[in-house]
Amino acid sequence: MLQIPFIRENKDLVLAGLRKRHFADAESTVEQLLSLDQQRRDTQKEQDDKLARQNAIAKEIGQLMKTGQKEAADAAKAETATLKEQSKVLGEQLTGIEQQVQAILVTVPNIPHSSVPEGRSADDNEVVLEWGDKPNLHAGAEPHWELIKRFGPGGSPMIDFDLGNKISGAGFPVYKGRAARLQRALINFFLDKALAAGYVEVQPPIVINEDSGFGTGQLPDKEGQMYYADADKLYLIPTAEVPVTNLYRDVMVAESDLPIKNVAYTPCFRREAGSWGAHVRGLNRLHQFDKVEIVRIEKPENSYTVLEEMSQHVQGLLQVLELPYRVLRLCGGDMGFTSALTYDMEVWSAGQGRWLEVSSVSNFETYQANRLKLRAKLDGSKPTLLHTLNGSALALPRILAAILENNQTAEGTIRIPAVLVPYCGFDVID
RNA sequence: GGAGAGAUGGGUGAGUGGCUGAAACCAGCAGUUUGCUAAACUGCCGUACCCGCAAGGGUACCGCGGGUUCGAAUCCCGCUCUCUCCGCCA
């Protein structure tokens with residue numbers, strides 16, 4: 001959430017940022033916010049003055065009672081009746097105005113970083129770099145949704161959508177045998193790499209309350225994308241970003257504890273309502289998937305250096321997995337609501353002949369921190385909002401898909417990247 | 001699920017109607033002392049918002065929301081959470 005004083009003092013910058021995002025009615029929204037803010041301050045001043053007078057009278061009455069001047073005290077009481085009524089009305093107005101401000105503010109997205117390219121959709125994202133050579137597959141090479149029909153126990157599918165459909169529904173596959181072991185190997189590999197890079201592993205709850213959903217920006221507005229356990233008012237997490245970042249909600253971080261580097265492996269749940277159709281076959285889009293997420297809490301002046309560092313970490317994973325990838329800088333129209341700058345990493349999925357997003361690395365600057373009340377006293381000064389960042393390192397199913405597709409051989413087997421062999425215990429799926 | 005107890009500042013913990021934004025201690029910060037460290041001593045040490053060029057002033061906050069009262073951390077009502085015991089249980 002943007003801070004009102006920031007909007008007040010950087011109106012043009014905010015407007016330009018909102019336009020870059022193609023945010024509708026940027027001018028009128030900002031004008032309305034600033035006008036409500038002025039009303040709020042005027043009303044508060046008026047109410048504060050009434051309350052100050054009431055407090056003063058109350059003190060006088062205390063003195064009068066002590067010295068036995070009953071009549072004078074009663075006279076003073078009479079004055080407070082009007083004051084009380086007035087300040088009550090002002091208080092109600094104030095609450096109303098604050099609610100209006102809040103209602104508007106939660107609809108305003110973060111301001112994009114100056115390096116964010118112009119653009120409306122995913123087609124306008126900027127390709128920052130490409131790495132690796134796309135494999136030349138043999139004739140008859142298959143997409144992963146064909147490959148996974150084999151190699152399971154007793155010749156069954158090693159990733160079984162029908163079985164998952166029986167247990168839960170579409171989009172909840174069952175991983176069996178070597179597919180399950182390969183996925184577990186990837187999780188351990190990703191966690192180990194993060195640990196080596198100095199991240200502290202955490203295992204958070206995978207259900208969250210409403211306050212947590214608000215803190216990272218999923219709520220209000222995106223409740224339709226999360227599974228919800230009505231009886232307990234808990235949401236299944238769409239990403240570990242939510243519980244891990246919320247670890248630091250309402251926290252005044254000691255400067256000596258910065259930077260905070262956390263990594264968490266969790267399942268993630270997405271309802272993906274209305275987004276099913278072409279291009280979402282197999283592992284490309286699921287309701288439940290596994291992900292290793294890195295989260296950082298940083299001093300403002302460091303956050304963009306850290307964003308690059310996180311991008312390098314993710315790229316390093318893809319490189320040792322021998323997966324061709326490209327890095328995109330998302331354009332204003334394609335960025336997430338809360339982000340100031342996002343890099344997407346996409347791997348080349350040779351069996352499908354298309355790029356698959358496997359990571360999204362973002363700097364939220366103070367947008368989440370403001371909602372979270374996540375602050376530190378830097379250099380002994382007043383509390384300052386910190387910057388939050390996170391990134392997938394990495395999301396599992398599409399990595400799995402790319403490994404299976406890119407490493408299939410003419411002999412009908414699948415080669416396992418060398419770096420994973422110690423983790424999964426086999427070097428080929430045959 | 002049943003019964004009981006509790007929720008105060010970074011921490012421990014006083015405080016049952018006005019002198020309490022809140023004692024004391026610990027931690028922290030700045031000094032004095034010191035060969036260094038430690039100890040001791042002195043001072044500072046919550047957050048948000050508002051007015052003001054500033055100095056400074058005002059308001060709110062003792063889990064949350066209401067109420068009583070001229071005045072509430074303190075009294076009343078509702079809620080949430082935590083802890084203890086019992087039951088159930090991976």
Side-chain angles (χ1 to χ4, degrees), chain A residues 1-9 33-106 203 205-215 219 229-235 243 246-258 260 267 297 366 368-386:
Chain A
M1 212 157 59
L2 299 181
Q3 301 166 85
I4 287 282
F6 177 83
I7 300 175
R8 210 189 290 150
E9 288 153 27
L33 274 174
L34 293 180
S35 146
L36 283 166
D37 178 52
Q38 188 59 52
Q39 282 181 50
R40 192 204 102 242
R41 286 186 286 160
D42 294 344
T43 310
Q44 179 175 338
K45 173 78 179 124
E46 209 177 329
Q47 193 206 21
D48 281 358
D49 291 345
K50 304 276 185 215
L51 290 173
R53 180 69 191 133
Q54 278 181 62
N55 287 339
I57 293 173
K59 273 210 174 88
E60 286 167 27
I61 292 175
Q63 285 306 314
L64 293 171
M65 301 288 263
K66 209 170 281 177
T67 51
Q69 304 176 49
K70 187 104 179 28
E71 290 77 13
D74 286 341
K77 281 185 195 181
E79 188 188 344
T80 60
T82 343
L83 279 170
K84 268 179 85 169
E85 186 52 39
Q86 289 171 333
S87 58
K88 190 185 168 202
V89 171
L90 288 166
E92 284 162 1
Q93 286 175 11
L94 198 56
T95 307
I97 294 169
E98 281 168 351
Q99 283 171 352
Q100 285 183 67
V101 169
Q102 181 75 359
I104 297 172
L105 221 41
V106 296
Q203 294 182 347
I206 60 170
V207 292
I208 50 140
N209 58 28
E210 188 180 347
D211 285 347
S212 296
F214 177 80
L219 296 176
D230 191 38
D232 299 293
K233 304 199 184 316
L234 294 170
Y235 296 86
N246 271 280
L247 258 24
Y248 306 97
R249 172 154 48 84
D250 293 319
V251 169
M252 189 76 75
V253 179
E255 187 168 9
S256 56
D257 289 338
L258 292 171
I260 291 169
I297 315 289
T366 59
Q368 292 182 328
N370 187 32
R371 292 173 160 231
L372 294 159
K373 301 278 169 284
L374 165 52
R375 299 170 299 170
K377 291 180 183 175
L378 302 176
D379 304 319
S381 68
K382 283 271 148 195
T384 311
L385 291 174
L386 294 169

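Values in this document were obtained by computation on a predicted structure and should not be read as measured data. Quick note: numbers below take in every heavy atom, side chains included, and nothing from hydrogens, waters or symmetry partners. To find a chain, count down the sequence lines: A is the first, B the second, and so on, and within it residues start at 1.
Using a 4.0 Å cutoff on non-hydrogen atoms, the parts of residues 78-99 of chain A near RNA chain B are Thr80(A), Lys84(A), ordered by number.
No engagement by Ala76(A) is indicated, since no non-hydrogen atom pair under 4.0 Å with the nucleic acid exists. Residue Leu51(A) is classed as a sugar-phosphate contact, given heavy-atom separations below 4.0 Å to backbone atoms only. The residue Arg53(A) sits apart from the nucleic acid: no heavy atom pair falls under 4.0 Å. Contact annotation for Asp49(A): no contact, since no heavy-atom pair falls under 4.0 Å across all strands.
Met1(A) CE to Leu372(A) CG: the interatomic distance, rounded to the nearest 0.5 Å, is 10.0 Å. Within the model, atoms CD of Gln47(A) and CD of Gln54(A) stand 9.0 Å from one another, a figure rounded to the nearest 0.5 Å. One finds the OG1 atom of Thr95(A) at 10.5 Å from the CG atom of Leu90(A) (value rounded to the nearest 0.5 Å). To the nearest 0.5 Å, atoms CZ (Arg375(A)) and OG1 (Thr366(A)) are separated by 12.5 Å.
Between G67(B) and G10(B), the distance separating the two C1' atoms is 33 Å to the nearest Å. When the P atom is compared between C50(B) and G2(B), the two are found 46 Å apart, to the nearest whole Å. Comparing G13(B) with C86(B), their P atoms are spaced 24 Å from each other, to the whole Å. For G71(B) and G18(B), the C1' atoms lie 6 Å apart once the distance is rounded to whole Å. Comparing A3(B) with G9(B), their P atoms sit 30 Å apart, to the nearest whole Å. Across the C1' atoms, U82(B) and A60(B) are found 27 Å apart, a figure rounded to whole Å. Here, U32(B) and G46(B) have their C1' atoms 28 Å apart, quoted to the whole Å. As rounded to the nearest Å, U84(B) and C25(B) have P atoms that lie 31 Å from one another.
Taking a cutoff of 4.0 Å between a charged side-chain nitrogen and a carboxylate oxygen, Asp37(A) and Arg40(A) qualify as a salt bridge.
When RNA chain B is scanned in the 5' to 3' direction for atoms under 4.0 Å from non-hydrogen atoms of chain A, the outermost contacting nucleotides are G18(B) to G71(B).
Partner Arg41(A) forms a side chain to side chain donor-acceptor pair (under 3.5 Å) with one of Gln39(A), Gln38(A), Gln44(A) and no other, that one being Gln38(A).
Residues Gly62(A) and Ala56(A) each lie close to RNA chain B; by heavy-atom proximity, the contact nearer the 5' end of the strand is made by Gly62(A).
The salt bridge (charged side-chain N to carboxylate O under 4.0 Å, His left out) search around Glu79(A) returns Arg53(A), not counting sequence neighbours.
With a cut-off of 3.5 Å on both pairing distances, the Watson-Crick or G-U wobble partner of C49(B) is G58(B).
Judged by distance alone, with hydrogens and angles left aside, the side-chain atoms of Arg371(A) form a donor-acceptor pair with the main-chain N or O of Phe214(A) at under 3.5 Å.
Other residues, nucleotides and ligands contribute only 12 or fewer heavy atoms inside 6.0 Å of the CD atom of Glu210(A).
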